[in-house]
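Some notes on the structure that comes next.
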Amino acid sequence: MSNSPAHEGLRTKVGKEEAGSRLDVFLAFRFTYQSRSNWRKILEEGKILVQGKVAKPSYSIKEGDEILYLPGEIFEPPVQTDFKILFEDSRYIAVEKPGDIPIHSAGRYRKNNLTDLLEEDSRFEKIYTIHRLDRETSGVVVFGKDSEAASKFADLFSKRKVNKTYISYVWGNFPTSFRAKGYLISDPSSLIRKKRKFVQKDFFQKLEIPEEDSETCETNFRKIGEGTLHGVPFSKVYCFPKTGRLHQIRATLYSLGFPLLGDKIYGKDESAFIEFIEGKDPDLIAKLGMNRQALHSSSLKFIHPFTGIKTKIGSDLPEDFPE
């Protein structure tokens with residue numbers, strides 16, 4: 001096995017919040033397409049380097065450690081490729097993303113991601129990512145056709161000039177409307193290290209959490225329907241995020257007591273996620289109600305950065321969502 005920098009492999013760096021974990025545990029939680037037992041086997045085969053050296057599964061990772069995975073052959077999991085173009089002009093394209101494809105290259109999804117697949121289309125020489133959706137979140141996502149277009153649209157997002165609407169399905173009888181304004185922090189009660197939780201502004205001030213360990217967030221919710229699934233009530237809810245934080249809608253709904261249907265991390269039973277990374281095959285329908293998280297980016301509204309025209313791009317509800 002070569003440890004030459006020219007050797008192609010998967011690289012990642014350890015962050016501050018991840019330091020101190022066992023290497024096999026870190027890999028299982030960061031790259032969930034392999035179970036912990038599989039990662040342990042890969043480590044024992046000497047296919048993973050930490051700071052250029054072969055590392056054992058029990059190695060305690062440190063902040064800044066560079067981890068390099070040198071597999072003999074990289075297998076990419078299959079993805080949904082039935083995306084469609086919702087809008088296109090000389091500067092932008094808007095795509096209806098399916099519910100099982102990542103936006104960009106990550107982990108084992110090196111070519112099986114929306115950005116690379118779009119660039120394989122002869123119509124698009126190169127596209128530029130502006131914003132992102134989680135792999136299992138479906139719906140509207142916009143790309144720039146050039147760096148200036150991407151920068152201008154990203155500026156709209158940062159200045160909160162893009163009105164975003166999501167549709168979610170959550171367990172329980174959600175209130176008619178609710179405004180959730182507060183902070184996202186790590187969830188120490190969870191076995192999932194990357195899991196976050198939402199706390200209301202007044203309660204957060206009593207926690208005395210360092211500013212660097214939290215992010216402000218705000219989401220408005222409005223109930224638009226209800227039903228039952230396997231005899232359990234659920235609610236159909238509009239989500240209007242004002243900020244754009246990682247896992248914002250999912251973590252907020254979970255913390256409010258209304259977890260998303262199908263969400264492995266923020267659903268009503270996080271053991272589904274634990275079982276998955278341990279190499280088991282959990283029954284997601286029985287545990288979570290769906291095979292993927294019930295979150296859909298249904299529309300974006302904005303003033304076009306170049307034409308000044310009020311623009312709305314919408315996406316219909318996916319077929320795999322409940323009636």
> Mind checking what makes side-chain contact (heavy atoms from CB on, under 4.5 Å) contact with P318, not counting sequence neighbours?
Replying inline: S138, R292, H296, D320, F321
> In terms of ring plane angle, is the pair F178 and F174 parallel, tilted or perpendicular, where the classes change at 30° and 60°?
Replying inline: perpendicular
> Between the main-chain N or O of K62 and the side-chain N or O of D65, is there a donor-acceptor pair closer than 3.5 Å?
Replying inline: yes
>> For T137, is there any backbone N or O sitting under 3.5 Å from a side-chain donor or acceptor partner on D134?
In response: no
> Who passes ring-ring contact (aromatic ring centres under 6.0 Å, His included) against Y238, sequence neighbours left out?
Replying inline: F240
> Given the rule that I, L, V, M, F, W and Y join up when any side-chain heavy atoms are under 4.5 Å apart, are V141 and Y166 in one cluster?
Replying inline: yes
>> D187: which residues meet the side-chain contact (heavy atoms from CB on, under 4.5 Å) condition with it, sequence neighbours left out?
In response: S189, S190, K195, K197, Y254
> Out of R245, K181, K242, Q248, which residue meets the side chain to side chain donor-acceptor pair (under 3.5 Å) rule with T219?
Replying inline: Q248
>> List the residues meeting side-chain hydrogen bond (donor to acceptor under 3.5 Å, both in side chains) with Y266, not counting sequence neighbours, and say none if there are none.
In response: H247
>> If you compare all heavy atoms of L156 against all heavy atoms of I303, which two are closest, and at what distance to 0.1 Å?
In response: CD1-O, 3.6 Å
>> Just verifying a value: how many Å separate T129 OG1 and H104 NE2, rounded to the nearest 0.5 Å?
In response: 7.0 Å
>> Could you check whether S271 and K287, counting side-chain N and O atoms only, form a donor-acceptor pair closer than 3.5 Å?
In response: yes
>> With side-chain contact (heavy atoms from CB on, under 4.5 Å) as the criterion, how do L118 and F83 come out once you've worked through the C-alpha distance, each side chain's angles and the decisive distance to 0.1 Å?
In response: CA-CA 9 Å; L118 283 168; F83 55 84; 3.6 Å; yes
> Out of curiosity, D283 CG to N291 CG, how far, rounded to the nearest 0.5 Å?
Replying inline: 8.5 Å
>> So which atom in V54 and which in G46 form the shortest heavy-atom distance, rounded to 0.1 Å?
In response: CG1-CA, 3.9 Å
>> Working note: Y69 + W39, criterion side-chain contact (heavy atoms from CB on, under 4.5 Å); need CA distance, chi angles, decisive distance, verdict.
In response: CA-CA 10 Å; Y69 175 29; W39 279 120; 3.9 Å; yes
> Which residues satisfy the salt bridge (Lys or Arg N to Asp or Glu O under 4.0 Å) test with E63, sequence neighbours excluded?
Replying inline: none
>> Testing the basics here: between G314 and L86, what is the closest heavy-atom pair and its distance to 0.1 Å?
In response: O-CD1, 3.7 Å
> With sequence neighbours excluded, what pairs up with K264 under the salt bridge (Lys or Arg N to Asp or Glu O under 4.0 Å) test?
Replying inline: E136
> Partners of Y128 by side-chain hydrogen bond (donor to acceptor under 3.5 Å, both in side chains), sequence neighbours excluded?
Replying inline: none
> Side chains of I274 and F29: does their closest heavy-atom pair fall under 4.5 Å?
Replying inline: yes
>> Ignoring hydrogens, what is the shortest heavy-atom contact between P102 and V79? Give both atom names and the distance.
In response: CD-CG1, 4.1 Å
> Salt bridge or not for E18 and K194, using N-O below 4.0 Å?
Replying inline: no
> Atom SG in C217, atom CG in L246: separation rounded to 0.5 Å?
Replying inline: 11.5 Å
>> Rounded at 0.5 Å granularity, tell me how far CG in L260 sits from CD1 in I265.
In response: 11.5 Å
>> Pair L43, K56 - check side-chain contact (heavy atoms from CB on, under 4.5 Å), show working.
In response: CA-CA 6 Å; L43 284 159; K56 296 181 179 180; over 6 Å; no
>> I'd like to know if the side chain of S168 and the backbone of V237 have a donor-acceptor N/O pair within less than 3.5 Å.
In response: yes
>> Taking the side chain as everything from C-beta on, heavy atoms only, tell me whether I93 gets closer than 4.5 Å to R123.
In response: no
> Taking all atoms of both residues into account, what is the closest heavy-atom pair of A180 and L256, and its distance?
Replying inline: CB-CD1, 4.4 Å
> According to a 4.5 Å side-chain heavy-atom criterion applied to Ile, Leu, Val, Met, Phe, Trp and Tyr, with indirect links allowed, do F198 and L253 form part of one hydrophobic cluster?
Replying inline: yes
> For R91, does the CZ atom sit with more than 12 other heavy atoms under 6.0 Å from it, leaving out its own atoms?
Replying inline: yes
> So how far is it from D263 CG to M290 CE, rounded to the nearest 0.5 Å?
Replying inline: 10.5 Å
> Under the 4.5 Å side-chain heavy-atom rule for ILVMFWY, direct or indirect, which residues accompany L288?
Replying inline: L284
> Do V95 and I127 belong to the same hydrophobic cluster, where Ile, Leu, Val, Met, Phe, Trp and Tyr are linked whenever their side-chain heavy atoms lie under 4.5 Å apart, directly or via other members?
Replying inline: yes
> For the side chain of T243 and the backbone of E218, is there at least one donor-acceptor N/O pair under 3.5 Å apart?
Replying inline: yes
> CG of D316: more than 12 outside heavy atoms within 6.0 angstrom?
Replying inline: no
> Do Q51 and E66 come close enough that some side-chain heavy atom pair is under 4.5 Å?
Replying inline: yes
> Is the backbone of D155 close enough, under 3.5 Å, to the side chain of S158 for a donor and an acceptor to pair up by distance?
Replying inline: yes
> Judged by atom type as modelled, is there a donor-acceptor pair below 3.5 Å linking the side chain of T115 to the main-chain atoms of I103?
Replying inline: yes
> For R135, which residues count as a salt bridge (Lys or Arg N to Asp or Glu O under 4.0 Å) partner, sequence neighbours excluded?
Replying inline: D100
> For R196, what residues pass the side-chain hydrogen bond (donor to acceptor under 3.5 Å, both in side chains) criterion, not counting sequence neighbours?
Replying inline: E215
> If you take all heavy atoms of N173 and F258, which pair is closest and at what distance?
Replying inline: O-CE2, 3.5 Å
>> Is any side-chain heavy atom of L229 closer than 4.5 Å to one of W171?
In response: yes
> Is any side-chain heavy atom of Y92 closer than 4.5 Å to a side-chain heavy atom of P305?
Replying inline: yes
> Looking at residues at least two apart in the chain, or sitting in another chain, which of them share a ring-ring contact (aromatic ring centres under 6.0 Å, His included) with F157?
Replying inline: H131, F153
>> Going by side-chain hydrogen bond (donor to acceptor under 3.5 Å, both in side chains), name the residues that satisfy it together with E88, two or more places apart in sequence or in a different chain.
In response: K145
> Would a 4.5 Å heavy-atom cut-off, applied to side chains only, mark S315 and K97 as touching?
Replying inline: no
>> Do I48 and I42 make a side-chain contact, defined as non-hydrogen atoms from C-beta onward lying under 4.5 Å apart?
In response: yes
> Is any side-chain heavy atom of K164 less than 4.5 Å from a side-chain heavy atom of S297?
Replying inline: no
>> Assess the residue pair Y169 and K236 against the criterion (side-chain contact (heavy atoms from CB on, under 4.5 Å)); give the C-alpha distance rounded to whole Å, side-chain angles, the decisive distance to 0.1 Å, and a yes or no.
In response: CA-CA 5 Å; Y169 284 73; K236 183 178 180 181; 3.5 Å; yes
